[in-house]
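Working notes, beginning with the structure itself.
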Protein chains: 2
Amino acid sequence: MQFSKSTDYALHALLHLGNSERCNNVGIKELASTLGVSESYLSKIMSKLRQDGLVRAVPGVNGGYELSRSTEQITFLDVIQVIEGRQKLFECSNTDSQQHRLLAEEETAGRDQERSGKCECLVQKVMEGAEQHLHQYLREHTIQSVLDEAFKHGNHETNKK
Amino acid sequence: MQFSKSTDYALHALLHLGNSERCNNVGIKELASTLGVSESYLSKIMSKLRQDGLVRAVPGVNGGYELSRSTEQITFLDVIQVIEGRQKLFECSNTDSQQHRLLAEEETAGRDQERSGKCECLVQKVMEGAEQHLHQYLREHTIQSVLDEAFKHGNHETNKK
DNA sequence: TTATTATGGACACTACAGGTCTATAATAAT
DNA sequence: ATTATTATAGACCTGTAGTGTCCATAATAA
């Protein structure tokens, strides 16, 4: 259970864009060399970020990528969900087993049965709680918050050239 | 990014053991049929749980598995770490890239340099925070807490026979 | 001694992460 | 218009981890 390298690259790429001068898009060459990763692979990741609306891209001479929202509006959760997908952290298999008949909440068979169509396992319930906590934390951390932290510690090297 | 099926099976198996009569170990046959999974695969998982000290196993006639601690002392985190391993949720690659020289905390190069040998990236820092939060939540939920919840909802079917 | 049960190793299959390469499309500069 | 540049999409490859089966062996109780 680990986040993929792609998530790593995506986060660092967005940080680089966020740290760059506004209205000055940066190409895949610069991005790749800064992160220490191949252009071909990184461009795959950037495409994904574009498809989900986190960055804009313009081809052609002096083209490149730029953030499509402000750095405060791009959370860690956004980035992670784009790269890792939005499936649940945990899903029971064998939901028709004897275990699940025991552990599923009985009241869903009661009057508010139609509220949630599926009969939820208590294990699943705990894990969904975990996921919600995790998401909340990741929503509270943005590209900007990391940049703030970096500047606070005295790394004042912006990318102006 | 998902927990494996093995973790699913392990959690449900331990719940079954926890719900069973004390001092009465249950065999792989019963366990597997209750969970709706093959005996061969489940036994692999049970072995892992045994190696890490969560259950005891006795071979031979009327053998089987039993919890080696009380249900309050087995947390979700315990189970997950046995099955998924104990690697970090996130680890930066290319820690020698230009990005990391920018994002690593400068003060670690200061007087307390030897406190933590490695120069930590701020992205990594955020993700470790996330992991800590997740772990804390998972530590607060135990086999017993799920059983309590189940009984509260009126599933009073214990496994006495 | 025997039947039963867990254990460990070998093996197979599949999916996916990680990565490269090439052809194509879009854009700006000339 | 042409050309150089840059992003995009697709095909393709590789290794590894998850999921699972099967069999031989060891340990134990009856």
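We name chains A, B, ... by the order of the sequence lines, and we start the count at 1 in each one. Below, each value reflects all heavy atoms present in this structure, side chains not excepted, and no hydrogens, waters or symmetry copies.
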Rounded to whole angstroms, how far apart are [atom1] on [X] and [atom2] on [N]?
X: B:D8; N: D:dG18; atom1: CG; atom2: P; answer: 15 Å
X: B:E30; N: C:dA6; atom1: CD; atom2: C1'; answer: 15 Å
X: A:Q51; N: D:dA7; atom1: CD; atom2: P; answer: 15 Å
X: A:L31; N: D:dT8; atom1: CG; atom2: P; answer: 12 Å
X: B:L42; N: D:dT21; atom1: CG; atom2: C1'; answer: 14 Å
X: A:I45; N: D:dA9; atom1: CD1; atom2: P; answer: 15 Å
X: A:K48; N: C:dG18; atom1: NZ; atom2: C1'; answer: 11 Å
X: B:E66; N: C:dT5; atom1: CD; atom2: C1'; answer: 15 Å

- line: In short, ring-ring contact (aromatic ring centres under 6.0 Å, His included) pairs touching residues 126-148 of chain A with sequence neighbours left out are A:H133-B:Y137, A:Y137-A:H141, A:Y137-B:H133
All pairs passing ring-ring contact (aromatic ring centres under 6.0 Å, His included) where residues 35-78 of chain A contributes a residue, at least two apart: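 For residues 35-78 of chain A, and leaving out neighbouring residues, there are no ring-ring contact (aromatic ring centres under 6.0 Å, His included) pairs at all.
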message: What contact category does A:E84 fall into here, base, sugar-phosphate, or nothing, at under 4.0 angstrom with non-hydrogen atoms?
response: nothing
task: Have a look at A:Q2 and say if it touches a base, only the backbone sugar-phosphate, or nothing, with a 4.0 Å heavy-atom cut-off.
output: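 It contacts nothing in the nucleic acid.
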B:Q73 and B:T142 side chains, donor-acceptor separation under 3.5 Å: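 The answer is no; no qualifying pair exists.
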query: Does a donor on one side chain sit under 3.5 Å from an acceptor on the other, for B:Q99 and B:S97?
result: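 The answer is no; no qualifying pair exists.
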message: Under 4.5 Å between side-chain heavy atoms, counting indirect links through other Ile/Leu/Val/Met/Phe/Trp/Tyr residues: same cluster for A:V58 and A:L14 or not?
response: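 No; A:L14 is not reachable from A:V58 via cluster members.
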message: Just so I know, are the side chains of B:V146 and A:K125 near enough to count as touching, which here means a heavy-atom distance under 4.5 Å?
response: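 In short, these two side chains do not touch, never coming nearer than 4.5 Å.
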If you compare every side-chain N and O of [X] against the phosphate oxygens of [N] (OP1, OP2), does one of them come in below 4.0 Å?
X: B:R56; N: D:dT28; answer: no
X: A:R50; N: D:dT8; answer: yes
X: B:S4; N: D:dA17; answer: no

Donor-acceptor contacts under 3.5 Å from residues 44-54 of chain A side chains, at least two apart:
residue: A:S47; atom: OG; partner: A:S43; partner atom: O; Å: 3.2

Any N/O pairs under 3.5 Å between the protein and nucleotides 1-6 of chain D? List them or say none.
residue: D:dT6; atom: O4'; partner: A:G60; partner atom: O; Å: 3.1

Between the protein and nucleotides 19-21 of chain C, are there any N/O to N/O pairs under 3.5 Å, and if so, what are the atom names and distances?
residue: C:dT20; atom: OP2; partner: A:S38; partner atom: OG; Å: 2.4
residue: C:dT20; atom: O4; partner: A:K44; partner atom: NZ; Å: 2.8

field: Donor-acceptor pair, side chain of B:N25 and main chain of B:A57, under 3.5 angstrom
entry: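 No; zero donor-acceptor contacts below 3.5 Å.
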- prompt: By side-chain hydrogen bond (donor to acceptor under 3.5 Å, both in side chains), which residues pair with B:Q124, not counting sequence neighbours?
  reply: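 For B:Q124 the side-chain hydrogen bond (donor to acceptor under 3.5 Å, both in side chains) partners, ignoring immediate neighbours, are B:E128.
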task: Searching all strands shown, indicate the nucleotide that pairs with D:dA30 (Watson-Crick or G-U wobble; both distances under 3.5 Å).
output: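 D:dA30 is paired, partner C:dT1.
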